[in-house]
Amino acid sequence: MAASTLTESEKRKNMPLEYSTEEGDLRIVGFWIFLAAELVLFSTLFATYLVLQSHTAGAPTAKDLFKINPVMAETIVLLVSSFTCGLGTLELRRHNTKGLIAWLVVTVILGLAFIGLEANEFYSYAVHEGAPLSSSAFLSGFFILLGTHGAHVTLGIFWVTAIIIQLAQRGITAVTARKAFMVGLYWHFLDVVWIFIFTAVYLTGLVI
Amino acid sequence: MQEHKNTAVESEPAGFPWKQVIGLILSLALTFLALWIAVGLSLPVHVTLTLIVGLAVIQALIQLFMFMHVLEGTDTSHQILGLIFGIFVAFAMVAGTLWIMYFTL
Amino acid sequence: MKKTFKMKVLGALSLLLVLLTGCSNHIAVLNPQGPVAREQYHLIVWSLIMMSLVLAVVLIIFIYVLVRFGRKNSKDYNPNDTGNRKLEIVWMLIPVLICVALAVPTLKVLFSMDQPPKATAEAPRNFAGKTLTIDVTSVQWKWLFRYPEQNIETVNYVVIPKGVPVKFRLHAYDAMNAFWVPELGGQQYTMTDMPMQLWLQADKPGNYLGRSSNYSGKGFAKMDFHVLAKSSNDFDSWISDIKSNSPALTMTKYRELLKPNNVKPMAFSSYPKEIEKNLNKAQMEGKESGKSDSMKGMDMSGDSGKGGHHE
Amino acid sequence: MENIKTFLSHFFVTGDPMIYGADASIALVSVAIVFVLTYFKKWKWLWREWLTTVDHKRIGIMYIIAALLMLFRGGVDALMMRTQLALPNMHFLNSEHYNQVFTTHGTIMIIFVAMPFIFGLMNIAVPLQIGARDVAFPFLNAVSFWLFFFGAMLFNLSFVIGGSPDAGWSSYAPYAGAELNPGVGQNYYLIGVQISGIGSLATGINFLVTIAKMRAPGMTLFKMPLFTWSILITSIIVIFAFPAFTVALALMTIDRLFGAHFFTIASGGSPMLWANLFWFWGHPEVYIVLLPVFGIFSEVIATFAHKALFGYVVMIWSMIAISVLSFLTWLHHFFTMGNTAPVNAFFSLSTMLIAIPTGVKIFNWLFTLNKGRIEFTTPMLWALAFIPNFTVGGVTGVMLAMAPADYQYHNSDFLVAHFHSTLIAGTVFGVFCGLHYWWPKMFGYLLNEKLGKWSFWIFMISYNICFMPMYFLGLMGMTRRMYTYPAGLGWGPINFIITIGAFGMGLGFTIMAANIIWSAIHGKRDTTGDPWDGRTLEWSTSSPAPEYNFAHIPVVSTRDAFEAMKEEERKGVKRRQLPFEPIHMPNNSGIPFIMSAFFFVAGFGFVFEWYWMGIPGLIGIVICLLARSFVYNDHHHIPTDEIERTERAAGRFS
Ligand code: HEA
Ligand code: HEA
Ligand code: CUA
Ligand SMILES: [Cu+2]
């Protein structure tokens, strides 16, 4: 940590493109810190959910609602999208604009599929099973925890799209490389959050 | 701006993306393993919970190291210390809240 | 400069003296009237002594350095005096010791609060077990007291026998409040999702002022009540007096009590049993869309023993 | 017609002369501002130089102006409360009004005074102290400021439109929920605070990265000035505490607007969960507003004792310890919510532990003074007064930390006295100290010392008159948030003394305001850039600092870098005059202002549940974000001849 800026700027010269400018370097660090803050944000939602999990107030419970197949579908789609996004970063490192754009497009499509599946799941709970967010504390916790994650994914889709456009316009430059790298971090982070949702919400919901 | 020698970062070789593929396979495998432990086996509840939470943590580490390049940067201590503090606070939040809210009367 | 600081210290001290002597009987917390309050009082006095010590040390060093080094041309000016491991360890260790000195009695009192205080009087004839249980419900902005064993109900005042540990079971109908009778002991919240208990006991007959200490809206400031401690005989005759002279609490009257307002003290010779069933849960009419099994893993029944706070 | 009339009488708060007064004064002030700006043709200037600026020094100044205005509003609230409580059974404010006033007082003082004041000072000083040209993300910095500003405006609007929140600054469920508290007041609280909270989180990230990555060459972590250290640590607390608050506020908003059941009485909601989440942020928050002033005091005490800080390294480690511990004590705010004894025991002990690192700091300050050459300037007076006065607040905090004793103090005026002793003797003394200290760096002239000392003495003595008796009031059984109390309990005389003290503080503050105005006209110019014989780099550049801060980035080799440079100069080492190079600076941008204005519009819409207004507001925000994403040339270069001209004008180039 004690490195001075002079040596940092020297270090930068040997780094991948996204780190090559001071601005890029700063932003990537800043983004990591942002993700650490998001970690606390989601942990608050998890704590809330876990406290309210049993407060079902006579409305349907986790056991009543959750079905394993759609959940596995969502999980696999998201895991694969994290993989394709990782391939995008790889192409970025190889300075292959076309490859990067292609993988990002695949990622967006998988993201949309995930959102579609989740929306379908929400719809079936809220409408078919008659268990919307206002029916109990448990359902409030469920919809808001998953909804926050879903909203993040949705935002991520917009963001990736904006970056795809910029990559198409400008190719891989220090700035677009940084943006593509950062959106990749974001996407993988959402995957991590989902893993914990899968575990703490669905699997425990099925067990307990 | 074509060639960049990476010294601080492991270089990304041309050819088959082994690292990414292994990451994917591992995460899928762990997911199904967790599912099997939770639904397929009928272990005592606290054992199940410990196991599946452990698996989730491993998966998170896979994402972090295989996809997120957490060990990269001009000075990686920033993001690593940041993450460690974040994990500490997140843990205080979840464990503390559960402790408080489940032990009251 | 230095004079003003000294004056300030003197002024504060004399103010303290005036306050302590002038109205000590008004300082409810320092005037404990029961074993629970007394235990807390001892803890408070102990902490006051320790804290005065800390403050005195800080003030003495403070005044010393200002007097000594506040002059234009002090000879002992030494810009190289920028650290001293030994000293720093000293002022790390002494606070540690003070914290230990505070923590030990704190934990002792804390864990003892879980037990009922020792009864100091003969149990009145009318109830067994030498303790009395009273259900307290806070309603915006009044206090309902229900005697499950005596089957009477009072509003905004409560009568207890002196020398007998009283278990107050705390409930809330709507907002969160806190039940506080400083002369008898510290407070506890009343909450809708969580019944709790508070043990209190009065040594002597007397009239102790209690109030809600947690803000709950418009009428909060006037949400006070009186605790009347009576000797066993007086307590018994008070019960029979209520039984024979007060009206019964009807469901209609009860619903009226649940409306948010301030009311005068009241007493009722009996209450409808159905009130008891819903004691531990919120009863917001028309707002509840189903029954809640509340927090799993917690015993919410209020008097089943295990895991209680003020057991 | 009738409909419109009822709508308007609900929309505008009516029926209270005080509020009509506020309406009228807001209208008058607005008209006056518009008139002045138009008359002097200043609109363009305002937009170009201030509303779109990304310069950390200007943003800092705007933060401080806003904080001072909010302090005035919060102070007027305080005086209104104190007037009502001066005597038993007063009829100055009714219950509803009093409840709104303490809620807005507490919220404004913590969120819209203490935080922005500190953010302002750190914006001014941190980049200068580390020898940087700006913060890491200047654009984001502007976004933070405008989010704070519009959040505060939204919150303050509640006073005249729709009604103020009245559930206290801690806003406990279920009272703050829709069941018991319908109406828009609470929505204002939730959304106004949320908007400014997002800005705070961004500020935390911004300063963490700035300090971590942008220090001048040679300035290793353990050569940083202590104020910078305190901001580094504060930033970490901000980053990790605010997300919990963001969530808590959002959940309660969802409860109120969309019928969820997080904190409700019905359907399994848990009001206690609110307390838990709120204090998870709320406790770290008090250190967010305290650690920076620890930093300020460290700078000021070292400067005016003319000695390097005693125990520099320990000072830092104690702050780090405080930051870790601050996340482990939150339950001490609800010891009396029926936790089991082990839970209370844990949090009792973790809270007491904080006394140890804090004590270490107190003694290190005292020993910095020891063997020093103490100079009693106005900033130094504030710093000195902090030591004994804050210790009182701190040790009463330790008393509160003893759980079974807290059963007797909780929510009483003893608690109110404790937190004013820490917030005023700590935070307020600290920001006043910093204000006087860095004022010349901000504006190029000094505040008048005589007026400064008068305001100090009056404020400090009145503070003691106001808050020392309040401890006794608490022990006498008076609780907080009571709009009135009966006679005959012995509370009357003490309350009266307290009120006198409160007005005394108002007088002290008024003198300070007068000082600012007087000094703007007559104040002594600071031509050297180093009016106090400072020790850190901010004093090495001119006052006020040029846009680019330093013509040459300084190279650092020791702690107290500027002191060392001066020492070398005294020894006759001559500095080479290096040639100037063009400086790379960020462009101004209107997006932060516009985007935050959209936040305001969206927030206002959601307060009234007018989705036709809220949703377009949100879309506006997204459009601003996208627009920003497509901006590519956001930097410009300052050419060398311009630098040369600026430096020559400041007398630093010949
Ligand atoms: C800047 C703000 C600030 C600061 C610095 C503090 C500092 C501390 N506070 Fe305070 N506190 C508040 C602001 C602050 N507080 C607010 C706003 C509330 C109420 C909110 C509300 O309900 O609305 C509150 C409430 C509050 C409570 C809850 C009480 C209740 O609701 O019943 C408690 C309980 O433990 C507490 C404890 C402490 C402690 C132990 C410290 C410690 O950090 C103090 C440490 C300092 C010292 C101890 C002095 C110096 C040390 C020495 C000289 C060494 C030797 C000393 C010893 C060994 C004792 N505070
Ligand atoms: C940084 C935080 C901060 C600051 C600086 C203050 C400053 C003051 N506070 Fe504040 N206070 C809080 C934070 C703060 N407070 C909080 C968090 C609460 C809890 C709220 C809640 O319960 O939800 C609270 C609650 C609170 C109460 C308790 C209300 C109740 O529970 O019933 C009281 C009562 O006396 C009070 C008084 C004061 C006074 C007299 C000042 C004085 O220091 C103010 C001095 C400043 C001025 C007076 C400036 C104005 C100047 C003028 C108007 C000039 C003109 C005037 C004259 C010439 C006389 N405060
Ligand atoms: Cu915790 Cu009920
Ligand atoms: Cu606290």
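Only this structure's heavy atoms are used, side chains among them; waters, hydrogens and symmetry mates stay out. A note on names: the letters A, B, ... follow the listed sequences, proteins ahead of strands, and every chain is numbered from 1.
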Part of [X] within contact of chain B (heavy atom distance under 4.5 Å):
X      : result
A:T75  : side chain
A:I68  : side chain
A:V193 : neither
A:I33  : side chain

Heavy atoms only, distances under 4.5 angstrom: which of [options] has the most pairs with chain B? Name it, please.
options               : value
A:L50, A:L206, A:T204 : A:L50
A:L35, A:N96, A:T44   : A:T44
A:E18, A:H188, A:E38  : A:H188
A:F196, A:F31, A:F46  : A:F196

Find out whether [X] and [Y] are in side-chain contact, i.e. whether some heavy atom of one side chain is under 4.5 Å from a heavy atom of the other.
X      : Y     : answer
B:I87  : A:L39 : yes
A:F189 : B:M68 : yes
A:F83  : B:V21 : yes
A:M72  : B:F32 : yes

In this structure, are over 12 heavy atoms from other groups packed under 6.0 Å from A:K67 atom NZ? yes
For [X], is it the side chain, the backbone, both, or neither that has a heavy atom closer than 4.5 Å to a heavy atom of chain A?
X     : result
B:V94 : both
B:L30 : neither
B:L28 : both
B:T48 : side chain

Counting heavy-atom pairs under 4.5 Å with chain A, which one of B:L35, B:L55, B:L64, B:I62 comes out on top?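 Highest number of pairs under 4.5 Å: B:L35.
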Could you state the interatomic distance from CG (A:L79) to CG (B:L26), rounded to the nearest 0.5 Å? 11.5 Å
Atom CD in B:Q20, atom SG in A:C85: separation rounded to 0.5 Å? 10.5 Å
